[in-house]
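Structure, as structure tokens:
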2 protein chains.
Amino acid sequence: MRKKSKSQKVYDYIEELVISSEIKPGERLPSEAKLGEILNVSRVSVRAGIEKLSAIGLVSKKKGGGTYVNKPKNENYLSVFTPTLLHNTDYLEMMEVRRALDSLSVQLCAKNISEAGVKKLGEIIEHMEHIQSDLDFFDLDKKFHLLISKHSKNRFLHNIHIIIWDVLQKTLRSKYNTVTSSDSHKERIDEHKRIYEAIVGKDEDLARIYTVRHLERIIDTFVCEYNEAYHEAKEQETKK
Amino acid sequence: MRKKSKSQKVYDYIEELVISSEIKPGERLPSEAKLGEILNVSRVSVRAGIEKLSAIGLVSKKKGGGTYVNKPKNENYLSVFTPTLLHNTDYLEMMEVRRALDSLSVQLCAKNISEAGVKKLGEIIEHMEHIQSDLDFFDLDKKFHLLISKHSKNRFLHNIHIIIWDVLQKTLRSKYNTVTSSDSHKERIDEHKRIYEAIVGKDEDLARIYTVRHLERIIDTFVCEYNEAYHEAKEQETKK
DNA sequence: TGATAAAAAGTTGTATTATAGATTATGTTA
DNA sequence: TAACATAATCTATAATACAACTTTTTATCA
């Protein structure tokens with residue numbers, strides 16, 4: 001077994017403190033000097049470990065002030081995505097996952113949603129009727145589906161949905177728009193309306209069916225467009 | 001505008017080098033000393049910057065060898081989301097999500113798995129027969145289900161599975177053991193064996209059914225034990 | 001007594017220097 | 001040419017010092 005590095009020792013120690021809630025979000029870590037004392041390592045190693053934790057967004061450092069445990073917000077973590085580029089296939093894989101997760105969340109949502117939640121959901125549908133740009137639709141679409149996952153009352157599921165939509169927004173926004181813009185406004189709004197009404201009627205199965213259908217339509221549309229683009233590219237290739 | 005820290009300067013410089021492909025994946029970065037010279041900062045600052053890049057998986061360090069640019073794999077970046085999920089986790093909620101995702105991945109796996117993959121899966125089953133401790137079982141269980149999700153050929157799905165098992169290992173290991181240890185060894189191994197055989201037979205539906213049944217049994221067992229513990233606690237309460 | 005300003009203490013950021021441990025390159029020898 | 005020893009290179013860790021910034025305490029004055 002390979003020996004753990006000193007900085008990893010620090011990393012694990014602090015992570016454990018956070019996991020076990022000994023240090024809660026917003027609270028301050030022991031100072032670097034103190035941590036070095038506790039773990040019997042130099043301040044250099046302590047800093048290296050904390051640097052990593054800060055890079056993945058678990059803690060934030062304030063010069064002169066101390067190091068604090070972050071509140072769990074995805075914005076903190078998204079910055080690391082800049083160097084990545086997601087490809088077409090990634091989009092399809094992601095939607096396949098959504099099909100599985102959304103069908104679960106909408107099911108739970110239909111069972112657990114409150115009156116207030118239903119009202120909010122209705123307002124989003126209302127807004128959808130009056131959108132101007134595809135960008136607006138993306139935001140409403142995101143709000144709609146995240147509201148559903150929120151009312152699934154499964155926080156873990158909701159967190160994963162938040163991650164998925166953040167990644168979507170960050171990396172695939174343009175692609176997503178090409179998909180949604182190609183079909184008629186009315187159709188995609190109707191799809192959401194059907195899901196909404198199934199939720200209102202507390203019909204878990206129906207809500208799930210409409211959701212799966214909604215996602216499969218998006219996937220199909222994308223695959224078709226992708227193939228067209230693929231064939232066009234091929235034609236251009238043969239022309240040469 | 002706030003002044004950039006030295007370590008951030010290093011971070012940005014290297015990130016730019018990688019994005020502009022001046023240093024391609026697999027290639028080595030200039031040494032810490034050289035980078036410090038180029039950017040006119042001390043080696044400490046260089047190290048801090050590189051430490052961050054290493055934490056988000058853009059580069060890897062080899063003691064004595066140098067620092068290398070990683071191949072751009074999404075799993076490197078998705079892992080940064082683990083901290084978000086560490087907060088507010090609940091075992092049952094996680095297993096509910098697993099039920100949805102595992103049923104998808106096992107389905108895809110049965111369709112796409114290679115001969116070599118089947119063989120590896122069989123070896124894990126073989127190992128399960130000879131385990132001694134529950135800790136070993138956790139590792140094999142993890143390997144088994146991650147191998148399945150890997151052969152689903154959906155990388156996004158696989159990445160989420162990796163995160164889930166990471167969170168499971170970090171937060172719920174003790175709990176998980178209490179669940180698995182209460183039922184007989186034979187039963188839980190048989191469950192995996194059934195899933196394995198369905199995969200071997202390329203029977204997608206059967207594999208999915210056995211997987212769902214497997215997870216629901218775990219959930220049920222946990223709920224029962226939880227209720228028992230809950231009632232015991234209540235009894236103790238009333239005694240007082 | 002309360003408010004304000006100054007001082008002190010605490011904390012992170014950067015720099016320098018030194019040594020240890022690991023890998024890679026070099027050169028020598030058989 | 002191949003094998004082995006050696007040197008050079010590089011990262012890991014450490015100790016120390018000081019700068020920059022924040023928080024807390026203390027002192028002063030109204």
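Note on naming: letters A, B, ... go to the chains in the order of the sequence lines (proteins, then strands), and numbering restarts at 1 for each one.
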Is the phosphate of C/dG13, meaning OP1 or OP2, less than 4.0 Å from a side-chain N or O of B/S7? no
Identified side-chain contact (heavy atoms from CB on, under 4.5 Å) partner of B/S60 from the options B/L53, B/T67, B/V69, B/N70: B/N70
Just N and O in the side chain of A/S45: are any of them under 4.0 Å from OP1 or OP2 of D/dA12? no
Measure from CZ on B/R28 to C1' on C/dA25 and round the result to the nearest Å. 11 Å
Evaluate the side-chain proximity of B/L35 to B/I14: yes if any heavy-atom separation is below 4.5 Å, no if none is. yes
How many Å lie between CG on B/N40 and P on C/dT16, as a whole number? 9 Å
Atom-to-atom span, NZ of A/K6 to P of D/dA12 - whole angstrom: 13 Å
Winner on side-chain proximity to A/K61, out of D/dT13, C/dT12, D/dC10, is C/dT12
Among the nucleotides C/dT12, D/dT11, D/dA14, which one has an atom lying closest to any side-chain atom of B/S31? D/dT11
Distance, rounded to the nearest Å, where B/E32 contributes CD and C/dT16 contributes C1': 15 Å
Spell out, as yes or no, whether a donor-acceptor pair under 3.5 Å connects the side chain of B/E93 to the backbone of A/R155. yes
Between C/dT11 and A/T67, is there an OP1 or OP2 to side-chain N/O distance shorter than 4.0 Å? no
Which whole-number value in Å describes the distance from A/K62 NZ to C/dT12 P? 11 Å
Rounding to an integer number of Å, can you tell me how far B/K63 NZ sits from D/dA14 P? 10 Å
Nucleotide D/dA14, atom C1' - distance to CZ of B/R47 in whole Å: 11 Å
Between CG of B/L35 and P of D/dC10 the distance, given in whole Å, is 11 Å
I'd like to know if the side chain of B/N154 pairs up with that of B/H158 as donor and acceptor (distance under 3.5 Å, no hydrogens or angles considered). no
Show me, pair by pair, the donor-acceptor contacts under 3.5 angstrom made by side chains of residues 108-122 of chain B, not counting sequence neighbours?
from, atom 1, to, atom 2, distance (Å)
B/N112, ND2, B/L108, O, 3.2
B/N112, ND2, B/S152, O, 3.3
B/S114, OG, B/G117, N, 3.1

Side-chain atoms of B/R43 come closest, of C/dA15, C/dT12, D/dT13, to D/dT13
